[in-house]
**Q** 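Have a look at the structure that comes next, please.
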Amino acid sequence: MVDIARLRRYLNPRHVAVIGGHWSDEVIRQLEKIGYQGEIWPVNPKRDELAGHKCYPRLEDLPEAPDAAFIGVNRDATIEAVKLLAEMGAGGALCFASGYAEVGNEGRERQQRLVEAAGDMPIQGPNCYGLINYLDGVTLWPDQHGGKRVDRGVAVLSQSGNVAVNVTMQRRGLPLAYLISLGNQAQTGVAEFIDAMLDDERITAIGILIEGLPDIPRFSAAAARALERGIPIVAMKSGRSEAGARITVSHTSTLAGADNLYDAMFERYGIVRVDTLPVMMETLKFLSIAGPLDGNRIVSLSCSGGEASMIADLAEGRDLAFDDFDSASRERIRATTHELVHVANPFDYHTFDWGKGENLKRTFTEVARSGFDVRMIMLDWPPRDVCDPRDWNATLDAFIAACDAAPGASVVVSSLHESLPPEARDAMIARGIVPMYGLGETLTAMEAAVWIGRRQRAAAAGRPSAMTPVAALDVGAVRIVDEAESKRRLAAYGLTVPAGRVTDAAGAPDAAAEIGYPVVVKAVGAHLIHKSDVGGVALGLVDGAAVAAAAEGMKGLSDRFLIERMAPGALAELIIGVTRDPQFGPVLVIGAGGILVELMKDSQALLFPVARADVEAAIARLKVSRLLDGYRGKPAADRAALVDAIMAVAAFAEAHADSLVELDVNPLLVFEDGVMAVDALIRSL
């Protein structure tokens with residue numbers, strides 16, 4: 001377990017040991033360039049000095065244990081240096097070298113030795129680029145970077161070193177507080193760095209760029225604490241394809257998929273997931289300057305009907321409300337502008353007052369007073385070497401003045417990324433106004449801020465619990481429970497199943513008569529996973545002769561048969577399943593069922609423990625949810641019974657967490673009144 005107190009020493013060190021040669025020269029130059037105020041101790045037995053600083057021949061010769069060390073030597077010497085630093089009591093070390101787990105079995109063994117050498121001393125990497133603390137002026141960074149000192153801002157943690165370099169070069173006005181290249185995350189990773197930063201009030205938001213996470217329970221604990229403290233997290237994770245999903249005998253595991261489980265975890269802990277670096281930068285910037293939003297009501301200003309239409313089109317389908325002005329606000333706004341201006345939202349204020357700062361200020365002030373959660377104005381500046389920017393500057397000044405005393409967030413957005421000059425951008429940030437690049441990115445960022453605001457308010461009533469470590473199961477000992485027994489076990493936890501009996505072929509007609517027609521006949525056996533594919537199911541049988549013939553035809557599959565009452569008139573078919581992931585543990589999956597499983601791939605994954613509210617929200621996100629509301633004149637389905645059924649499956653899974661491998665209920669028929677599980681499969685130890 002990493003010592004978080006030592007990690008905090010490492011993040012803001014009083015002294016830095018720089019071990020190595022060529023790369024270490026540059027580390028020292030970058031420390032001096034950013035204005036590092038602590039002591040710098042180069043260590044190199046073959047040189048007298050590095051970048052003008054006297055070298056110590058050995059780590060043992062240092063005045064004391066350094067708070068931070070940059071290790072710029074080869075992979076094997078790195079292990080020796082880490083061991084010695086850990087014994088000395090150093091705060092932490094950055095392992096720059098590659099050649100560890102990323103290169104195969106030999107590298108994995110080498111990485112294990114590195115972790116053992118570190119003990120509880122934090123090590124960053126290996127195979128990582130470095131760390132920059134823009135708050136306190138610390139750079140363990142062997143290259144140039146594009147950032148500058150800030151008083152508060154966003155921490156960005158990137159698994160990729162080159163992406164980290166690119167982030168430092170952004171010119172969007174994103175205030176970077178920390179930039180950390182994670183590398184292999186052999187011991188200290190995203191979770192530990194987040195945990196170490198959460199008590200720093202200067203951190204306004206956290207961005208993570210990852211391929212995966214090595215310790216899901218550890219990350220979930222840090223994410224839960226971030227949600228509780230109100231620090232937003234934005235994630236960009238590669239790997240949305242289904243290629244990495246485990247293929248097993250059930251549909252559930254295929255539907256879950258490794259990437260879907262990350263989505264479920266992000267949903268649980270209020271983490272916004274984005275797909276591109278520009279969207280991530282804009283979302284983090286909005287959250288850092290404006291913060292999460294209390295509501296989703298947006299008012300848009302532009303001096304063009306075309307721009308207003310663009311906003312209206314891009315807002316379609318988003319969780320953003322461009323409500324019209326109330327009558328009192330509309331009249332106040334109309335009194336400040338030309339009689340030909342139509343006052344509506346999005347608001348085209350026309351060009352009648354273009355360049356007239358005082359007139360615009362009056363109009364913008366009334367808009368700012370109209371009660372929206374966010375007011376945004378579209379403004380694209382011309383190039384200074386071609387045009388006079390005074391009219392654009394006057395519009396910005398009027399907007400800033402109008403927004404100064406008004407509640408809510410204020411945003412200036414340029415539709416083209418190159419059309420917002422740095423001086424205007426910096427003036428906005430100084431006044432608490434968010435400068436945004438790109439209409440789509442801006443709306444996505446605001447939608448994310450609305451969602452995070454809701455999640456933080458919900459967390460105030462009950463923080464989501466961290467996930468527990470997953471116990472490994474011996475999958476070689478797994479057995480399949482046949483359908484009849486699976487249904488019996490699930491029914492004991494409250495799942496509704498059809499009336500039915502297990503019998504031999506001779507007793508099938510009598511069993512059907514006792515149950516009542518029409519019936520279904522199914523061959524029973526643990527080996528019959530997909531019975532319909534091999535002729536093991538006969539539906540809609542209405543007399544004893546048909547039942548006898550069906551059972552006789554299935555004798556080659558089994559000598560046991562399940563006779564059940566048919567349940568016609570379903571409004572929808574769903575699948576409820578539980579699968580077990582090696583990282584995430586048991587996972588509940590809800591989706592479109594029956595023949596639609598493969599066709600639609602419409603599913604939601606939930607992590608345990610599962611709350612009823614989580615289930616209700618997951619159902620609402622399904623495409624098939626529309627069928628439950630009453631589609632094309634059909635009645636609405638019994639959602640309460642559906643949730644009860646899902647919670648029954650969840651209760652069974654929790655009670656058998658130490659033995660359950662996977663479970664499928666497919667299909668679960670949903671009716672106007674009640675539900676019915678017509679097929680089930682359990683795999684367990």
Side-chain angles (χ1 to χ4, degrees), residues 1-3 6-7 9-11 13 15-28 30-31 40-47 50-51 53 55-62 64-132 138-143 157-162 164-165 180-189 192-193 214:
M1 179 69 73
V2 173
D3 185 334
R6 289 174 84 168
L7 183 55
R9 279 175 60 198
Y10 171 75
L11 288 171
H15 21 62
V16 174
V18 183
I19 306 161
H22 168 71
W23 294 104
S24 300
D25 269 325
E26 188 60 36
V27 170
I28 295 172
Q30 292 300 327
L31 280 165
I40 300 173
W41 299 331
V43 179
N44 190 317
K46 298 180 181 179
R47 292 176 59 171
L50 281 177
H53 291 256
C55 280
Y56 293 87
R58 304 177 308 158
L59 282 168
E60 297 95 317
D61 298 324
L62 295 179
E64 61 180 294
D67 285 341
F70 176 90
I71 305 177
V73 297
N74 70 57
R75 58 187 70 91
D76 292 314
T78 292
I79 297 174
E80 297 172 12
V82 163
K83 186 175 188 301
L84 187 51
L85 285 164
E87 292 169 351
M88 293 170 63
L94 189 152
C95 303
F96 181 67
S98 58
Y100 295 90
E102 77 278 6
V103 298
N105 290 333
E106 182 181 348
R108 280 190 284 274
E109 186 275 332
R110 183 181 292 114
Q111 183 163 298
Q112 181 58 37
R113 287 192 284 118
L114 177 70
V115 171
E116 291 169 358
D120 67 355
M121 181 189 76
I123 53 170
Q124 183 181 340
N127 185 34
C128 75
Y129 216 61
L131 173 150
I132 305 175
V138 183
T139 51
L140 302 180
W141 194 261
D143 200 352
L157 294 81
S158 171
Q159 202 162 342
S160 163
N162 201 54
V165 174
I180 298 174
S181 166
L182 298 165
N184 291 8
Q185 302 185 78
Q187 176 233 48
T188 304
E192 289 78 13
F193 278 114

**Q** Quick one: does E192's side chain have a donor or acceptor within less than 3.5 Å of a partner on G189's backbone?
**A** yes
**Q** Donor-acceptor pair, distance only, cut-off 3.5 Å: does the side chain of Q111 make one with the backbone of A101?
**A** yes
**Q** Counting N and O atoms only, with roles assigned by atom type, does the side chain of S158 sit under 3.5 Å from a partner on the main chain of S181, one being a donor and the other an acceptor?
**A** no
**Q** To the nearest 0.5 Å, how far apart are CE in M88 and CD in E64?
**A** 9.0 Å
**Q** Would you say E102 has more than 12 foreign heavy atoms packed within less than 6.0 Å of its CD?
**A** yes
**Q** Rounded at 0.5 Å granularity, tell me how far CD1 in I180 sits from CH2 in W141.
**A** 10.0 Å
**Q** Which of parallel (below 30°), tilted (30 to 60°) and perpendicular (above 60°) describes Y129 and F96?
**A** tilted
**Q** Calculate, to the nearest 0.5 Å, the distance between atoms NZ and CG belonging to K83 and L59 respectively.
**A** 12.5 Å
**Q** Which atom names give the shortest non-hydrogen contact between I71 and A93, and what distance separates them?
**A** CD1-CB, 3.8 Å
**Q** Of the non-hydrogen atoms in V18 and S24, which two are nearest, and what is the gap between them?
**A** CG1-CB, 3.2 Å
**Q** To the nearest 0.5 Å, what is the distance between CG (D3) and CG (L7)?
**A** 8.5 Å
**Q** Looking at every non-hydrogen atom in both residues, tell me the closest pair between P126 and A186 and how far apart they are.
**A** CD-CB, 3.6 Å
**Q** Evaluate side-chain contact (heavy atoms from CB on, under 4.5 Å) for L94 paired with Q124, printing each intermediate quantity in order.
**A** CA-CA 5 Å; L94 189 152; Q124 183 181 340; 3.6 Å; yes
**Q** Tell me whether T139 contacts the main-chain N or O of Q30 through its side chain, where contact means a donor paired with an acceptor under 3.5 Å.
**A** yes
**Q** So, for P42 and L50, which heavy atoms are closest and what is the spacing to 0.1 Å?
**A** CB-CD1, 3.7 Å
**Q** Checking the side chain of R6 only, and the main-chain atoms of A90 only, is there a donor and an acceptor separated by less than 3.5 Å?
**A** yes
**Q** Any chance you could measure Q185, atom CD, to L157, atom CG, to the nearest 0.5 Å?
**A** 8.5 Å
**Q** For I28 and A51, work out which heavy atoms get closest and say how close.
**A** CG2-CB, 3.6 Å
**Q** Please check if the side chain of Q187 supplies one atom and the backbone of M121 the other of a donor-acceptor pair under 3.5 Å.
**A** yes
**Q** Main chain of G125, side chain of N184: is a donor-acceptor contact present, judged purely on distance under 3.5 Å?
**A** no
**Q** Would you say that C128 contacts L182 through its side chain, given a criterion of any heavy-atom pair below 4.5 Å between the two side chains?
**A** no
**Q** Working to the nearest 0.5 angstrom, can you tell me the gap between Y100 OH and I79 CD1?
**A** 5.0 Å
**Q** Taking the side chain as every heavy atom from C-beta outward, state whether L114 and C95 have any pair of such atoms under 4.5 Å apart.
**A** yes
**Q** I'd like to know whether D76 forms a side-chain contact (heavy atoms from CB on, under 4.5 Å) with R113, so could you lay out the CA-CA distance, the side-chain angles of the two residues, the decisive distance to 0.1 Å, and finally the verdict.
**A** CA-CA 10 Å; D76 292 314; R113 287 192 284 118; 4.0 Å; yes
**Q** Give a yes or no answer on whether the side chain of R110 reaches the backbone of G99 with a donor-acceptor pair at less than 3.5 Å.
**A** yes
**Q** Assess the residue pair L131 and L11 against the criterion (side-chain contact (heavy atoms from CB on, under 4.5 Å)); give the C-alpha distance rounded to whole Å, side-chain angles, the decisive distance to 0.1 Å, and a yes or no.
**A** CA-CA 8 Å; L131 173 150; L11 288 171; 3.5 Å; yes
**Q** Which atoms form the tightest heavy-atom contact between Y10 and A68, and what is the distance?
**A** CD1-CB, 3.6 Å
**Q** Give the intermediate values and the outcome of side-chain contact (heavy atoms from CB on, under 4.5 Å) for residues I19 and L85.
**A** CA-CA 11 Å; I19 306 161; L85 285 164; 4.2 Å; yes
**Q** Could you tell me whether a side-chain N or O of R75 sits under 3.5 Å from a main-chain N or O of S98, the two making a donor and an acceptor?
**A** yes
